[in-house]
> 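Provided herewith is a single structure, encoded as structure tokens, for subsequent inquiry.
Remember, predicted model here, so these are calculated numbers, not experimental data. We count residues from 1, following the sequence as given.
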Amino acid sequence: MLSCRLILRGALLTGAFASFATLAPSAHAADALKVGVLIPGSKSDKGWMESSYDGLMASEKKYGDKIKVQMIENINYADMDQALTNLASKNELVIGVGGQTQAAVYKIAKRFPNVHFSIVGGNEGESAPNVAGYDVKQAEIAFVAGAAAAMLSKSGAVSYVGGMEIPSIVNAGKEFGNGAKSINASIKYFENYTGDFDDVAKSKEATLAAIAQGADVHYHILNLGLRGMEQAAKDKGTHIIGSYTDRCGTDPLYVAYSITGTGYQVQYAIDEAVKGSWKPGYKEFGLKMGPEASGMVVCGGTAEQKAKLDAIMKDIMSGKITVLKG
């Protein structure tokens, strides 16, 4: 049986925080690990947030009443400090999903030195004795996704749409283009940023602009904004390389998926805390951590395509191919 979860939504943030203490939790083992999870976006975004949520569900299934989870989802930046404070005041481990939680995590962690904080998508930089940052290495797998896109493109043009124009997202976009050019040096590549991971209209507009210039395979780092890319691709008969989780066969719009194991990182943080071996500091995930952490799947791909992509991934791991951070 899954452990009891209390899910707080951003639209009811203040009221939910105020009333939380009055809610009686279900019975748990006395020594159940208390885990707080902040998912700032939607847990059904077909991307980073949903993959992370799936990892949380896997941990609940694995540990049952050995863990007790409180999750807050769908909040804006202005409410992030408050959400993390709420989680830290009631839990032993707090997980911030997404690099956009990093600044707030480090701020709140100073106030709760006995609480462990893990950041899914944390970058190397600031450090604290009770904070762990897990780097998904999106730029690394974006290079591989670019190679796959070039293999799958019939028009000789591919595109990328990112949300916020921050270094990790920009670096992933650059490496997607580099990966595509490693397969086809003359391929056309279009890169755009909406400034918001969840803006459906802007991502649709950016994708339509790329399609107008010939792009027929699209890649992204978006959350709910992905729905705009889906609308554009469906309207114009183009295709998408999805991110984070292998969902081949579920939607004909998607011709491949890059695996960026945000859910794997959520599970890793909980596993380490349950075992009592949780450690602070920066930790790289990515290809070297195995296919659950990072990989590439072409839906219905040929043996030749798989062999080529496997060779590229080996070259990245060996350092023969160097990529930007992110």
Side-chain angles (χ1 to χ4, degrees), residues 137-163 165 167-194 202-222 225-226 228-243 248 252-260 286-287 294-326:
K137 298 183 76 66
Q138 288 185 110
E140 186 179 80
I141 198 60
F143 184 100
V144 187
M151 294 177 190
L152 295 168
S153 176
K154 296 179 180 178
S155 67
V158 299
S159 73
Y160 167 84
V161 178
E165 197 168 355
S168 60
I169 308 303
V170 173
N171 286 352
K174 299 300 181 189
E175 293 301 349
F176 178 76
N178 290 337
K181 291 172 185 175
S182 75
I183 298 298
N184 177 3
S186 62
I187 199 165
K188 294 179 181 178
Y189 171 53
F190 307 103
E191 181 180 338
N192 209 326
Y193 300 89
T194 65
K202 287 183 179 178
S203 62
K204 181 177 182 179
E205 180 183 353
T207 305
L208 286 172
I211 293 172
Q213 297 178 82
D216 65 346
V217 179
H218 320 292
Y219 189 58
H220 73 93
I221 296 183
L222 297 166
L226 174 60
M229 178 175 281
E230 288 179 330
Q231 291 169 10
K234 185 174 182 180
D235 289 349
K236 299 297 182 179
T238 59
H239 292 90
I240 300 170
I241 293 180
S243 298
C248 281
L253 281 178
Y254 289 84
V255 289
Y257 289 89
S258 68
I259 311 304
T260 311
L287 292 170
S294 187
M296 191 73 219
V297 178
V298 175
C299 305
T302 66
E304 182 181 0
Q305 289 171 336
K306 184 179 185 303
K308 179 62 177 175
L309 292 172
D310 285 347
I312 290 172
M313 288 188 280
K314 287 179 181 178
D315 285 345
I316 291 173
M317 286 187 280
S318 70
K320 186 177 179 179
I321 295 175
T322 59
V323 298
L324 297 167
K325 285 187 174 290

> Taking the side chain as everything from C-beta on, heavy atoms only, tell me whether His239 gets closer than 4.5 Å to Asp216.
no
> A side-chain contact here means heavy atoms from C-beta on lying under 4.5 Å apart; do Thr207 and Gln231 qualify?
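Side chain of Thr207 against side chain of Gln231, heavy atoms only: no contact under 4.5 Å found.
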> So, taking the atom named OG1 in Thr238 and the one named CD in Glu230, what distance separates them when rounded to the nearest 0.5 Å?
11.0 Å
> Using modelled atom types only, decide if a donor and an acceptor are shared between the side chain of Ser318 and the backbone of Asp315 within a distance under 3.5 Å.
yes
> With a 4.5 Å heavy-atom cut-off, do Tyr160 and Ile221 have their side chains touching?
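Yes - at least one pair of side-chain heavy atoms lies under 4.5 Å apart.
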> Please round to the nearest 0.5 Å and tell me the distance separating atom CG of Leu222 and atom OH of Tyr193.
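The distance works out to 11.0 Å.
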> So how far is it from Thr194 OG1 to His220 NE2, rounded to the nearest 0.5 Å?
12.0 Å
> Restricting to non-hydrogen atoms, name the atom on Met229 and the atom on Ile240 that form the minimum distance, rounded to 0.1 Å.
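Smallest heavy-atom distance, with atoms named: CG-CD1, 3.8 Å.
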> How about Val298 and Val255: do any of their side-chain heavy atoms sit closer than 4.5 Å?
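With C-beta onward as the side chain, the pair stays apart.
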> Could you tell me which non-hydrogen atom of Phe176 sits nearest to which non-hydrogen atom of Ser159, and how far apart they are?
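Scanning both residues, the minimum pair turns out to be CE2-O, 3.5 Å.
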> Measure across Ala150 and Val158 and return the closest heavy-atom pair with its distance rounded to 0.1 Å.
N-CG1, 4.4 Å
> Looking at Ala139 and Glu175, what are the two nearest heavy atoms and their distance?
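Heavy-atom minimum between the residues: O-CB, 3.3 Å.
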> Would you say that Ile312 contacts Ile183 through its side chain, given a criterion of any heavy-atom pair below 4.5 Å between the two side chains?
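Ile312 vs Ile183: side chains touch.
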> Find out whether Glu191 and Lys174 are in side-chain contact, i.e. whether some heavy atom of one side chain is under 4.5 Å from a heavy atom of the other.
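Glu191 vs Lys174: side chains touch.
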> Please report the interatomic distance OH(Tyr257) to CD1(Ile241), rounded to the nearest 0.5 Å.
11.0 Å
> Going by an N to O cut-off under 4.0 Å, is there a salt bridge joining Lys314 and Asp310?
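Asp310 and Lys314: not salt-bridged.
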> Considering all heavy atoms of both residues, which atom of Ala147 and which atom of Ser182 are nearest to each other, and what is their separation?
CB-OG, 4.3 Å
> Test side-chain contact (heavy atoms from CB on, under 4.5 Å) on Leu287 and Lys137 and set out the steps.
CA-CA 8 Å; Leu287 292 170; Lys137 298 183 76 66; over 6 Å; no
> In Å, rounded to the nearest 0.5 Å, how long is the span from OG1 of Thr302 to CE of Met151?
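These two atoms lie 8.0 Å from each other.
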> We want to know whether Asn184 and Ser186 form a side-chain donor-acceptor pair, criterion being a heavy-atom distance below 3.5 angstrom.
yes
> Under a 4.5 Å cut-off applied to non-hydrogen side-chain atoms, are Val161 and His218 in contact?
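Answer no - side chains too far apart.
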> Is there side-chain contact between Ile169 and Gln138, with heavy atoms separated by less than 4.5 Å?
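Yes, close enough: below the 4.5 Å cut-off.
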> Measure the spacing between CE of Met313 and CD1 of Ile141 and express it to the nearest 0.5 Å.
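Result: 6.0 Å between the selected atoms.
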> Please give me the minimum heavy-atom distance between Ser294 and Gly286, naming the atom from each residue.
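That closest heavy-atom pairing would be CB-C, 3.3 Å.
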